[in-house]
Undergrad: 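This structure is in structure tokens; I'll ask about it shortly.
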Amino acid sequence: MKKLYKKADVVIIGGGVFGCAIAYYYTRNNPGKKIIILDRNELCNSATSHAAALVTKIRAKRHFIPLSLETYKVVSEMEKILGESMDMKFSGVLHLAASEAREADLKELMEIAKEFNQPANYISADEAHKLSPWLKTDEASLIGYMPEEAYCDPYLLGTFFSRCAKMQGAEFLQGVEATELIIENNDILGVKTTIGDIIANKTIIASGAWAPLFARQAGIGLPMAPTRSQYWITEKNPIFPANSPIVLLPDAQAYARPEGGSLLFGIREKNSMSVAADIIPSDINQFSFSEDKGMQDLSEVIDRLARFFPKVYDIGMKYYVAGFSGYTPDNNLSMGVAPGINNLLLATGCVGAGISVSGGVGLAFAELAAGHSNPYDFSEFDIKRFGDIDPFSPEWLERCARARSTKVSG
Ligand SMILES: Cc1cc2nc3c(=O)[nH]c(=O)nc-3n(C[C@H](O)[C@H](O)[C@H](O)COP(=O)(O)OP(=O)(O)OC[C@H]3O[C@@H](n4cnc5c(N)ncnc54)[C@H](O)[C@@H]3O)c2cc1C
């Protein structure tokens with residue numbers, strides 16, 4: 001049996017953006033309390049460092065919005081603490097609608113922006129083309145522009161959280177693996193790790209794609225499936241000015257943003273890939289996401305994208321990036337207080353939006369871990385909303401994969 005490593009008020013399994021954000025808020029709001037965050041690799045090595053990192057504020061799912069607004073707020077707060085800029089790119093976002101259904105969605109989105117006091121206005125096809133010269137706008141019937149949306153460097157965001165948390169007293173253990181929850185009767189007492197047991201009043205699972213494995217130990221069928229997200233970065237070209245906006249193309253189920261003179265773009269594949277958490281290696285770089293760098297997937301949907309980005313047929317692709325996010329059948333987050341067992345919290349099921357919502361998620365779990373009430377409404381994210389499910393079954397994986405391939409919003 002391993003000896004006790006340490007006692008803490010809170011232990012977090014996983015040092016991605018969620019784990020680091022929770023650590024930041026917990027140490028900010030509870031000075032003197034002890035929190036330990038462990039990651040078996042380096043911090044932010046997995047989904048976090050692979051994200052396209054659109055920090056979307058305005059979306060159709062209203063209950064995500066306060067969480068993302070908090071992310072914007074905390075970035076400036078941390079910039080002050082560290083005396084450094086995170087160099088967030090306030091590029092704005094263009095939403096193009098090229099069908100009646102998407103026009104209706106865009107009109108609703110513009111109303112939502114107003115509701116949340118976010119600037120948003122319609123612009124002409126010519127204006128949009130001037131902002132993003134690669135964009136063919138003649139099929140767009142309506143274009144919305146939200147100038148205060150941004151993207152960021154996701155690794156920097158994660159490490160801003162961890163650096164500030166460390167300054168405030170958090171203990172980060174890298175290269176330390178959580179092997180098993182310590183359970184007594186109906187209570188979680190902490191976690192066994194490769195360097196000894198960590199006993200804590202509250203244990204938080206923030207282990208991203210691997211979260212269903214720990215949830216299973218606690219008797220919970222966590223409703224999410226690790227699902228591949230992938231994007232491509234083109235070669236440089238003057239049609240991709242570095243200061244041009246993010247572009248959302250719901251009719252093509254695609255998004256794009258500048259990446260230092262190149263274009264980064266993603267598109268929903270016809271067949272998304274969801275896998276059971278127990279087949280993913282601990283080092284995500286050892287997982288083969290696509291042998292042909294997503295070219296087959298891209299070729300199946302490229303015509304959809306070419307309506308708005310005709311150059312996609314002949315521009316060179318310089319990089320291919322893929323990783324896992326926790327998807328759910330309703331594209332809602334899957335997180336909160338663990339049902340049916342004490343002292344366990346699940347900061348999981350990010351549905352490809354974890355960078356955007358990290359501020360609110362961090363604050364919510366820091367409050368819950370301190371025994372306070374959640375400042376946000378998490379009812380839509382309830383872990384029991386699908387009933388009893390087996391997150392490792394082929395049927396469940398298929399439901400989650402379908403949710404990704406049919407998703408139209410960014
Ligand atoms: C290609 C791609 C594009 C994306 N684009 C966007 C975007 O534009 N906007 C957006 O908001 N989001 C985006 N996302 C989603 C975003 O990256 C995730 O939602 C977010 O990073 C989730 O953070 P996390 O902390 O939950 O998970 P992770 O970053 O995966 O962190 C989990 C951590 O747990 C650790 N861990 C696992 N098991 C153990 C164990 N047993 N012991 C110790 N440590 C363990 C892992 O090493 C890892 O570091 C994208 C994701 C991908 C893959």
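As the structure lists them, so they are numbered: ligands from 1, and atoms in each ligand from 1.
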Undergrad: Compute the minimum heavy-atom distance from Ala209 to ligand 1 and say whether it is under 4.0 Å.
TA: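 Flag not set, Ala209 not near ligand 1.
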Undergrad: Is there any side chain to side chain donor-acceptor pair (under 3.5 Å) pair reaching into residues 172-181, and which pairs are they, with sequence neighbours excluded?
TA: Arg40-Glu177
Undergrad: Any chance the side chains of Ser274 and Thr227 put a donor and an acceptor closer than 3.5 Å?
TA: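 Yes.
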Undergrad: For atom 42 (N) of ligand 1, grab the closest protein heavy atom and report residue, atom and distance to one decimal in Å.
TA: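 It is Ala178 N, 2.9 Å.
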Undergrad: For atom 51 (C) of ligand 1, what's the nearest protein heavy-atom neighbour? Residue, atom name and distance, please.
TA: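 Ranked first by proximity to atom 51 (C) of ligand 1 is Ser325 OG, 3.4 Å.
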Undergrad: Does an N or O anywhere in Phe214 fall below 3.5 Å from an N or O of ligand 1?
TA: no
Undergrad: Identify which of Thr48, Thr56, Ile12, Ile13 has a heavy atom lying nearest to atom 23 (O) of ligand 1.
TA: Thr48
Undergrad: Counting heavy atoms only, which of Glu180, Gln174, Arg40 comes nearest to atom 43 (C) of ligand 1?
TA: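 Looking at heavy atoms only, Arg40 sits closest to atom 43 (C) of ligand 1.
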Undergrad: By number and element, which atoms of ligand 1 are closer than 4.0 Å to a non-hydrogen atom of Ala206?
TA: 32 (C), 34 (O)
Undergrad: Would you say Ser229 has any N or O atom under 3.5 Å from an N or O of ligand 1, going by distance alone?
TA: no
Undergrad: For Asn342 and Asp187, test the side chains for any donor-to-acceptor distance below 3.5 angstrom and give the result as yes or no.
TA: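 Result is yes, a qualifying pair exists.
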Undergrad: Return a yes/no value for Leu54: is any of its N or O atoms, backbone included, closer than 3.5 angstrom to an N or O of ligand 1?
TA: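 Among all N and O atoms of Leu54, at least one is under 3.5 Å from an N or O of ligand 1.
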Undergrad: Nearest non-hydrogen atom to atom 10 (C) of ligand 1 belongs to which of Gly15, Ser68, Ala211, Gly352?
TA: Gly352
Undergrad: Looking at Asn343 and Lys202, would you say the former's side chain and the latter's main chain have a donor-acceptor pair under 3.5 Å?
TA: no
Undergrad: By number and element, which atoms of ligand 1 are closer than 4.0 Å to a non-hydrogen atom of Gly14?
TA: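 Answer, ordered by atom number: 33 (C), 34 (O), 35 (C).
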Undergrad: Tell me, which protein residue and heavy-atom name are nearest atom 7 (C) of ligand 1, and how many Å apart are they?
TA: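 Protein heavy atom with the smallest distance to atom 7 (C) of ligand 1: Ala53 N, 3.3 Å.
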Undergrad: Which label fits Phe265 and Trp232: parallel for a plane angle under 30°, tilted from 30 to 60°, or perpendicular past 60°?
TA: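 Correct class here is parallel.
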Undergrad: Could you go through the side chain to side chain contact (heavy atoms under 4.5 Å, CB included) check for Thr193 and Ile13 one step at a time?
TA: CA-CA 10 Å; Thr193 80; Ile13 305 170; over 6 Å; no
Undergrad: For ligand 1, which is the ligand I care about here, please tell me if Cys350 has any N or O atom under 3.5 Å from one of the ligand's N or O atoms.
TA: no
Undergrad: Got the closest protein heavy atom to atom 31 (O) of ligand 1, with its distance?
TA: Gly16 CA, 3.4 Å
Undergrad: Check the pair Ile246 / Tyr255 against side chain to side chain contact (heavy atoms under 4.5 Å, CB included), numbers first and verdict last.
TA: CA-CA 7 Å; Ile246 299 163; Tyr255 67 89; 5.5 Å; no
Undergrad: Which of the numbered atoms in ligand 1 are below 4.0 angstrom from a heavy atom of Trp210?
TA: 37 (C), 38 (N), 46 (C)
Undergrad: Ligand 1 and Phe324, any nitrogen or oxygen pair closer than 3.5 angstrom?
TA: no
Undergrad: Would you check whether Gly323 has a nitrogen or oxygen atom less than 3.5 angstrom from a nitrogen or oxygen atom of ligand 1?
TA: no
Undergrad: Identify, by atom number and element, the atoms of ligand 1 in contact range of Asn41, meaning under 4.0 Å from any of its heavy atoms.
TA: 47 (O)
Undergrad: Examine the side chains of Arg228 and Ser290 and answer whether a donor and an acceptor come within less than 3.5 Å of each other.
TA: no
Undergrad: List every atom of ligand 1 that sits less than 4.0 Å from any heavy atom of Tyr231, numbering the atoms from 1 in the order shown and giving each element.
TA: 1 (C), 3 (C)
Undergrad: Atoms of ligand 1 less than 4.0 Å from Glu177 heavy atoms?
TA: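 That gives atoms 41 (N), 42 (N) of ligand 1.
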Undergrad: Can you sort out which atoms of ligand 1 are near Ser46, meaning under 4.0 Å from one of its heavy atoms?
TA: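 Under 4.0 Å from Ser46, ligand 1 has these atoms: 30 (O), 48 (C).
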Undergrad: Looking only at protein heavy atoms, which one is nearest to atom 30 (O) of ligand 1, and what is the separation?
TA: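 Nearest neighbour among protein heavy atoms for atom 30 (O) of ligand 1, to 0.1 Å: Ala47 N, 3.2 Å.
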Undergrad: Within the structure provided, determine whether Val11 and Leu38 are in side-chain contact (heavy-atom separation under 4.5 Å).
TA: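 Yes, side chains in contact.
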Undergrad: Does ligand 1 have a heavy atom under 4.0 Å from the side chain of Tyr151, from its backbone, from both, or from neither?
TA: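 Tyr151 to ligand 1: no contact under 4.0 Å from either part.
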Undergrad: Please list the nearest protein heavy atom to atom 5 (N) of ligand 1 with its residue and the distance rounded to 0.1 Å.
TA: Ala52 N, 3.0 Å
Undergrad: Please confirm whether Val176 approaches ligand 1 to less than 4.0 Å, judged on its heavy atoms.
TA: yes
Undergrad: Where is the nearest protein heavy atom to atom 36 (N) of ligand 1: which residue, which atom, and how far?
TA: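 That would be Ser207 CB, 4.0 Å.
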Undergrad: Taking distance alone, with no angle check, do Asn45 and ligand 1 share an N/O pair under 3.5 Å?
TA: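 Checking ligand 1 against Asn45, an N or O pair does fall under 3.5 Å apart.
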Undergrad: Under 3.5 Å between any N/O of Ser356 and any N/O of ligand 1: does that happen in this structure?
TA: yes
Undergrad: Salt bridge or not for Glu171 and Lys166, using N-O below 4.0 Å?
TA: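 Salt bridge between Glu171 and Lys166, a charged N being under 4.0 Å from a carboxylate O: no.
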Undergrad: Does Arg216 qualify as a cation-pi partner of Phe392, given the criterion of NZ or CZ under 6.0 Å from the six-membered ring centre and within 45 degrees of its axis?
TA: yes
Undergrad: Taking the basic N atoms (NZ, or NE/NH1/NH2) and the acidic carboxylate oxygens, is any pair closer than 4.0 Å for Glu77 and Lys80?
TA: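 Salt bridge between Glu77 and Lys80, a charged N being under 4.0 Å from a carboxylate O: no.
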Undergrad: Taking N or O atoms only and a 3.5 Å limit, does Ile355 qualify as a polar contact for ligand 1?
TA: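 By distance alone, the answer is yes.
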Undergrad: Check this for me, if you would: do Asp87 and Lys89 make a salt bridge, where the nitrogen-to-carboxylate-oxygen distance has to be below 4.0 angstrom?
TA: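 Result for this pair is yes, salt bridge flagged.
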Undergrad: Ignoring hydrogens and angles, state whether a donor on the side chain of Asn374 or Glu367 is under 3.5 Å from an acceptor on the partner side chain.
TA: no
Undergrad: May I ask you to check if Lys33 and Tyr26 form a cation-pi contact, with NZ or CZ under 6.0 angstrom from the six-membered ring centre and within 45° of the axis?
TA: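 Lys33 over Tyr26 ring: no.
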Undergrad: Please determine if Lys318 and Glu235 form a salt bridge, counting it only when a charged side-chain N lies under 4.0 Å from a carboxylate O.
TA: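 Looking at Glu235 together with Lys318, the answer is no, because their closest N to O distance does not fall below 4.0 Å.
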Undergrad: Output yes when Arg385 and Glu380 qualify as a salt bridge under the 4.0 Å nitrogen-oxygen rule, no when they do not.
TA: no
Undergrad: I need the atoms of ligand 1 closer than 4.0 Å to a non-hydrogen atom of Ala353, numbered in the order shown.
TA: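 Atoms satisfying the 4.0 Å criterion: 10 (C), 11 (O), 12 (N).
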Undergrad: Taking the minimum heavy-atom distance to atom 27 (O) of ligand 1, which of Cys20, Cys44, Ser49, Gly208 ranks first?
TA: Gly208
Undergrad: Using side chain to side chain contact (heavy atoms under 4.5 Å, CB included), reason through Ile315 and Asn237 one step at a time and then give a plain yes or no.
TA: CA-CA 9 Å; Ile315 193 104; Asn237 193 295; 3.9 Å; yes
Undergrad: Going by distance only, is there an N or O of Phe18 that falls short of 3.5 Å from an N or O of ligand 1?
TA: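 In this structure, Phe18 places an N or O atom under 3.5 Å from an N or O of ligand 1.
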Undergrad: For atom 35 (C) of ligand 1, what is the closest protein heavy atom, and at what distance to 0.1 Å?
TA: Asp39 OD2, 3.2 Å
Undergrad: Return the orientation label for the Phe64 and Phe381 ring planes: parallel under 30°, perpendicular over 60°, tilted otherwise.
TA: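 Perpendicular: the ring planes of Phe64 and Phe381 meet at over 60°.
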